[in-house]
Amino acid sequence: MNKAKWGVLGTANVAAWGTIPGMIKSESCELYAIAGRSLEKAESYKERFGFEKAYGSYDELLEDENVQAIYIPLPNNLHKEWVIKALNAGKNVLCEKPIGLNADETREMYETAAKNQVLLMEAYAYLHSPYVESLKKDVSDKIIGDVDYIETAFVTQGYKEDIRLHKDLGGGAMYDLGCYCTTMILSLIDSEPELVKAIAEFSDEGIDLMTAGQIRFENGVRASFNVGMILGENTNARFDRLYIHGTKGYIKSDVEYNQKGELSYRIYKDGEEIVRNISAPHNYSLEIEQFSRCILFGEKPFITPEYSIKNAKLIDRVLAEIGY
């Protein structure tokens, strides 16, 4: 089978625990090159994961003519700069979420991709899961009737030292966690947001530690979300919730965002409980596999420009509400 040659631009934690292991599992990905801010760090990733080449600067990776796809896991404030550089270098790009700090940045990056006739996709690995696909199908098939309300939450630990704590790096709960909630909501509701209200608690560094929001869509559906980084310090504590209410019943998720393995959710209607059991492989592998097929065989990226821009516009409205 053909394989796309991948380069990883940065040695972030999400690359180490999530995306690179997903690349290794993908049948259509060749783990070709890794670039770090220092050659020493890049070499350590090369040895650890089996890359063919290591570069001590990001520019060197972009200059490698063999690289077909670039994965960018840099801090949020650096996404636009390096995505555009990679696109202008003729590379297809998968960039970590949120791809831009606002809708204007997001739109500019997609326009640059179109201009250079290369692909760009925002990395929401969890959306590639068959778990989410099953949820979307049950909603689309109206197994609980017409959806009238969605509630979701994603709350994690407080960090002692982390890039998410710094405003100049694009930190905060809304950028890091809220984007999961908004993308899930937009995946389930086919309408434009009409009303957006939100409040937040801020840290001394100026980031939102906790944000709560309410959305009303043009079709009348309502949604609410809560996100935060407040549960202790440097623990594995987290709280996730997804509840989808319809005119004939409701759906309750049993699992956290972005999980793999044997997963389930429950449907309650007509006084009965229906359990959906879903076998979900490594989400990051599914993401890499899909984008590789786009490069090799012309498949359309699963996360479209329109979807990313719509989500960025919604996040913009939330951030404006809370005064971020």
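Heads up: numbering here begins at 1 and tracks the sequence.
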Original post:
Out of curiosity, Trp82 CH2 to Leu87 CG, how far, rounded to the nearest 0.5 Å?
Top reply: 13.0 Å
**OP:** Taking the side chain as every heavy atom from C-beta outward, state whether Phe239 and Asn226 have any atom pair closer than 4.5 Å.
**Re:** no
**OP:** Just do the side chain to side chain contact (heavy atoms under 4.5 Å, CB included) check on Glu289 and His128 with the steps written out, would you?
**Re:** CA-CA 10 Å; Glu289 192 75 22; His128 294 260; over 6 Å; no
Original post:
Are more than 12 heavy atoms from other residues, nucleotides or ligands located less than 6.0 Å from atom CD of Glu272?
Top reply: no
**OP:** Assess whether atom NZ of Lys25 is packed by more than 12 heavy atoms of other residues, nucleotides or ligands within 6.0 Å.
**Re:** no
Original post:
Can the ring centres of Tyr45 and Phe51 be said to be less than 6.0 Å apart?
Top reply: no
Subject >> Residues Ser224 and Tyr149: side-chain donor-acceptor under 3.5 angstrom >> reply: yes
Original post:
Going by an N to O cut-off under 4.0 Å, is there a salt bridge joining Asp316 and Lys313?
Top reply: no
Original post:
Would you say Glu30 and Gln68 make side-chain contact, with heavy atoms under 4.5 Å?
Top reply: no
Original post:
Can you find a heavy atom in the side chain of Arg222 that is under 4.5 Å from one in the side chain of Asp148?
Top reply: no
Subject >> Between Asn88 and Asn116: side-chain donor-acceptor atoms closer than 3.5 Å >> reply: yes
Subject >> Polar contact flag, side-chain donor to acceptor under 3.5 angstrom, Tyr175-Asp208 >> reply: no
Subject >> Step-by-step side chain to side chain contact (heavy atoms under 4.5 Å, CB included) determination, Arg164 to Ile207 >> reply: CA-CA 8 Å; Arg164 298 167 183 84; Ile207 62 158; 6.0 Å; no
Original post:
Which one of Leu314, Leu186, Leu195 satisfies the side chain to side chain contact (heavy atoms under 4.5 Å, CB included) criterion with Ile215?
Top reply: Leu314
**OP:** Answer yes when Glu81 and Lys85 have at least one side-chain N-carboxylate O distance shorter than 4.0 Å, and no when they do not.
**Re:** yes
Subject >> Pair Glu218, Ser191: side-chain N/O donor-acceptor within cut-off below 3.5 Å >> reply: no
Subject >> Donor-acceptor side-chain pairing of Tyr180 and Asp240 below 3.5 angstrom >> reply: no
**OP:** Would you please say whether a donor-acceptor pair under 3.5 Å links the side chains of Ser253 and Tyr131?
**Re:** yes
Original post:
Are Asp146 and Lys248 within salt-bridge range, i.e. N to O under 4.0 Å?
Top reply: no
Original post:
What's the verdict on side chain to side chain contact (heavy atoms under 4.5 Å, CB included) for Ile150 and Leu242, showing C-alpha distance, side-chain angles and the deciding distance?
Top reply: CA-CA 7 Å; Ile150 295 175; Leu242 177 62; 4.1 Å; yes
**OP:** Measure the shortest side-chain to side-chain distance between Glu96 and Tyr71 over non-hydrogen atoms and say whether it is less than 4.5 angstrom.
**Re:** yes
Original post:
Going by atom types only, do Thr183 and Asn311 share a side-chain donor-acceptor pair under 3.5 Å?
Top reply: no
Subject >> Carboxylate-amine/guanidinium proximity below 4.0 Å for Arg216 and Glu194 >> reply: yes
**OP:** Check the side chains of Ser203 and Glu205 for a donor-acceptor pair under 3.5 angstrom, ignoring hydrogens and angles.
**Re:** yes
